[in-house]
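Just the heavy atoms: all of them, side chains too, but no hydrogens, waters or symmetry mates, feed the values below.
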Amino acid sequence: YYITNNLSNVNERRMAQDLITNLDPYNGVCEKYENGKRRMYVILSPEEVAAGKTTCWTELDIQNKGIKNFSPHLWELRHLTALYLNNNKISRLPPEICQLQNLVHLDLSNNKLRSLPVELGDMLKLHDLLLTNNSIRLLPYELGRLFQLTKLELEGNPLTPELLQKSREVNGTQKLLQFLLDTLEAPDSPPDRPWLSVREKTGKHMSFKVMCYNILSDSLAKGTKYGYCPSSALAWDHRKHLIMDQIVSSGADIIALQEVETDKYYNYFLPALKAQGYESCFCPKSRSKTLPEEERKHVDGCAIFFNKTRFGLHKEKFIDYSQLAIANAEGADDMINRVQTKDNIGIVCCLDIKEPSHGTRHNKLVVLNTHINWDPEYSDVKLIQNIMFMNEVETFVKEIKGSYNIPMVVAGDFNSTPDSAVIEFLIKSQISTEHHEFHGLKYHGFLKKANGECLGNKNGSKHFKHGFKLKSCYSEDLMDKLKYTNYTYDFKGILDHIMHSKDSLRTVGVLGGIDVEWLKENKIIGCPNVHYPSDHFPLISELELINPNSR
């Protein structure tokens with residue numbers, strides 16, 4: 001069928017040629033079923049097509065046909081999820097097979113294959129790869145990139161003893177793939193990220209750099225989640241040095257980190273950055289309060305480090321969204337069932353500015369750092385957490401005798417894209433009570449208590465508000481250049497943000513994005529990897545203090 005000119009029967013050969021020139025993948029009739037799925041086809045008659053008869057198939061069966069060669073038309077069937085080429089006479093698998101990017105099942109057993117193309121490692125959706133009873137001696141290391149593969153059958157091949165032994169062990173497929181991935185040559189180092197100037201510094205006022213970085217908790221950096229990453233690159237002893245190099249080389253005066261494990265904070269980051277001239281505050285997630293000491297060490301949280309020659313800690317406050325949800329449920333079941341179960345946290349610090357004000361009246365800086373719930377299905381929870389966060393910040397600012405114009409830096413992994421309701425609320429200082437990301441859930445009792453009376457606008461709709469005027473350090477055009485702050489196989493986009501108060505700070509420069517061409521050329525499907533120690537990329541912004549109305 002469809003791919004061979006080696007059939008002995010003239011009628012079969014003519015049928016194959018007809019299929020090559022005429023087959024529409026949605027106009028075939030199934031003759032054979034397996035598990036309810038279609039695998040063998042003939043051409044619909046003109047009458048059937050004219051009558052509007054159609055089919056949709058995703059599997060193709062070409063077994064037991066004596067096939068030796070392939071027609072290039074096969075690679076056009078990119079809708080296929082399963083391809084059965086077993087029990088033929090295939091001695092060479094063309095590299096073009098990688099064009100079938102949707103294949104989940106590929107059966108090449110009982111052929112005459114002597115080798116496999118390295119491009120097979122680009123078929124990332126493969127779950128089953130059957131290669132039994134061929135003549136394969138070596139496997140390309142690129143097969144290790146098939147991190148979703150659950151079945152790899154190799155019996156009946158003259159493989160090296162090392163490969164055969166690994167394949168026969170318990171969880172042999174995963175162990176063999178990990179071995180191949182770990183042996184695969186690492187890509188060259190990526191280009192440095194560019195520094196993007198936004199405006200010239202006046203030179204009259206204090207400027208400082210802020211870093212925001214989710215460093216990836218060690219307890220989450222596992223091959224089960226990041227199967228595309230070599231095991232050596234997931235090891236903490238490898239990652240911690242890369243993370244520290246990024247922090248120190250940034251020259252940041254304020255560093256907001258997320259997913260810092262308690263043990264790693266006290267035994268690594270605290271002493272290492274203290275030696276670099278930083279002081280800090282740290283808050284683990286709320287579940288640490290209920291765990292035994294040994295387990296508590298692995299709970300992650302948020303940390304703020306600051307250059308002690310430029311700033312001093314005036315006051316700090318730890319914000320536990322789970323506890324706030326309990327305290328302010330106001331009879332709302334969704335507050336208990338949805339918000340309280342997520343143990344995300346935030347930190348707000350007031351820093352004394354040690355340097356002369358250089359013409360500004362500012363002597364304090366408020367710094368916020370938070371890690372918001374990750375789940376896209378819980379956009380309402382993200383919103384509630386941010387409303388609680390800003391409400392607590394308002395209370396904090398009042399406690400330090402500050403105003404809404406106090407210099408403020410807001411940083412964190414908000415797990416929210418720039419067009420999300422979370423970012424809309426922060427930047428526009430309000431969000432509609434009817435916003436679709438609330439999912440129509442009834443949080444009104446809590447929100448009224450937490451945020452005061454909901455003030456209606458001119459057309460009568462109501463909004464939840466906060467009193468600060470914030471602006472992203474990355475404008476829309478800079479966001480386009482940034483492209484990613486989170487880069488995994490399943491998601492690639494911007495989830496991390498740095499914002500600042502509009503009337504007392506302005507952005508003078510930001511760190512640009514990762515080189516996209518380097519990612520493509522080296523087939524980087526997700527991070528971490530040997531060069532990037534986290535699944536997030538750090539943000540860095542340089543800010544300058546200003547007087548009101550001097551933006």
Side-chain angles (χ1 to χ4, degrees), residues 147 174-175 178 181-182 186 211-250 252 255-276 278 280-305 318 342-347 369-375 411-413 415 485-491 495-496 524-539:
F147 68 100
Q174 284 68 37
K175 291 180 180 178
Q178 192 65 60
L181 182 62
D182 291 345
M211 170 185 265
C212 177
Y213 193 10
N214 181 327
I215 64 170
L216 180 60
S217 165
D218 184 41
S219 61
L220 296 177
K222 305 301 179 186
T224 51
K225 185 175 182 180
Y226 303 99
Y228 46 79
C229 181
S231 55
S232 59
L234 283 175
W236 176 246
D237 283 343
H238 171 83
R239 295 197 307 116
K240 69 179 182 181
H241 297 298
L242 292 179
I243 293 168
M244 188 58 67
D245 287 346
Q246 289 177 321
I247 292 173
V248 174
S249 65
S250 74
I255 303 158
L257 302 181
Q258 303 87 41
E259 291 197 18
V260 182
E261 289 190 7
T262 302
D263 179 63
K264 305 296 188 292
Y265 170 77
Y266 286 107
N267 294 316
Y268 182 65
F269 287 104
L270 183 61
L273 289 173
K274 185 176 182 180
Q276 296 290 330
Y278 292 91
S280 62
C281 51
F282 170 72
C283 177
K285 289 181 177 177
S286 57
R287 67 176 179 273
S288 66
K289 301 172 185 176
T290 63
L291 294 175
E293 183 176 353
E294 185 61 31
E295 295 180 36
R296 196 180 307 151
K297 295 191 303 184
H298 304 295
V299 175
D300 68 280
C302 294
I304 295 176
F305 292 85
F318 302 139
K342 311 297 186 294
D343 67 338
N344 303 92
I345 49 92
I347 304 177
N369 181 18
T370 189
H371 189 185
I372 295 300
N373 180 251
W374 68 272
D375 195 336
D413 176 1
N415 275 305
T485 67
N486 182 227
Y487 193 83
T488 67
Y489 177 73
D490 296 316
F491 177 85
L495 298 177
D496 309 86
I524 307 297
I525 61 172
C527 292
N529 59 37
V530 294
H531 299 298
Y532 292 115
S534 174
D535 54 350
H536 290 250
F537 303 130
L539 295 176

Neighbour count >12 (heavy atoms, 6.0 Å) for atom NZ, K274: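 Atom NZ in K274 is not packed in, count stays at 12 or less.
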**Prompt:** Does the side-chain contact (heavy atoms from CB on, under 4.5 Å) test come out yes or no for C527 and F537, once each step is laid out?
**Reply:** CA-CA 9 Å; C527 292; F537 303 130; 3.9 Å; yes
* To do: Quick one: do D218 and H298 satisfy side chain to side chain donor-acceptor pair (under 3.5 Å)? Show the steps, please.
  => CA-CA 8 Å; D218 184 41; H298 304 295; 6.0 Å; no
Margin query: Can a side-chain donor-acceptor contact be found between H371 and D413 if the only test is distance below 3.5 angstrom?
Written below: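 Yes, side-chain donor-acceptor contact under 3.5 Å.
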Determine whether the aromatic ring centres of Y489 and Y226 lie less than 6.0 Å apart. no
Closest heavy-atom contact between [X] and [Y]?
{"X": "G227", "Y": "L181", "value": "O-CD2, 3.4 Å"}
{"X": "I247", "Y": "L257", "value": "CD1-CD1, 4.1 Å"}
{"X": "P538", "Y": "M211", "value": "CB-CE, 4.1 Å"}
{"X": "P284", "Y": "V299", "value": "CB-CG1, 4.4 Å"}
{"X": "S280", "Y": "F305", "value": "CB-CD2, 3.3 Å"}
{"X": "Y265", "Y": "V260", "value": "CB-CG1, 3.7 Å"}

Can you tell me how far apart [atom1] ([X]) and [atom2] ([Y]) are? Round to the nearest 0.5 Å.
{"X": "E295", "Y": "R287", "atom1": "CD", "atom2": "CZ", "result": "10.0 Å"}
{"X": "S219", "Y": "K225", "atom1": "OG", "atom2": "NZ", "result": "9.5 Å"}
{"X": "S217", "Y": "W236", "atom1": "OG", "atom2": "CH2", "result": "8.5 Å"}
{"X": "F282", "Y": "E261", "atom1": "CZ", "atom2": "CD", "result": "9.0 Å"}
{"X": "D300", "Y": "Q258", "atom1": "CG", "atom2": "CD", "result": "10.0 Å"}
{"X": "H531", "Y": "I524", "atom1": "NE2", "atom2": "CD1", "result": "7.5 Å"}

- Query: Any donor-acceptor pair under 3.5 Å linking the side chain of D343 with the backbone of K285?
  - Reply: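 Not a single qualifying donor-acceptor pair exists.
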message: Test your reading of the model: is there a side-chain donor-acceptor pair from N369 to the backbone of A303, 3.5 Å cut-off?
response: yes
Cation over ring, K240 on Y268, under 6.0 Å and within 45°?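 Yes, a cation-pi geometry holds between K240 and Y268.
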- Output, in order, the C-alpha distance, side-chain angles, deciding distance and verdict of side-chain contact (heavy atoms from CB on, under 4.5 Å) for D496 and H536. CA-CA 8 Å; D496 309 86; H536 290 250; 2.8 Å; yes
Check whether any side-chain heavy atom of C302 lies under 4.5 Å from a side-chain heavy atom of I345, and answer yes or no.
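A side-chain contact under 4.5 Å exists here.
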Item to complete: Please tell me if the side chains of I243 and F269 come closer than 4.5 Å, counting only heavy atoms from C-beta onward.
Response: yes
Q | From CA spacing to verdict: side-chain contact (heavy atoms from CB on, under 4.5 Å), I255, Y213 | A | CA-CA 8 Å; I255 303 158; Y213 193 10; 5.9 Å; no
Exactly one of L216, L220, N529, T485 should register a side chain to side chain contact (heavy atoms under 4.5 Å, CB included) with D535. Which one does?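 Output: one option passes, namely L216.
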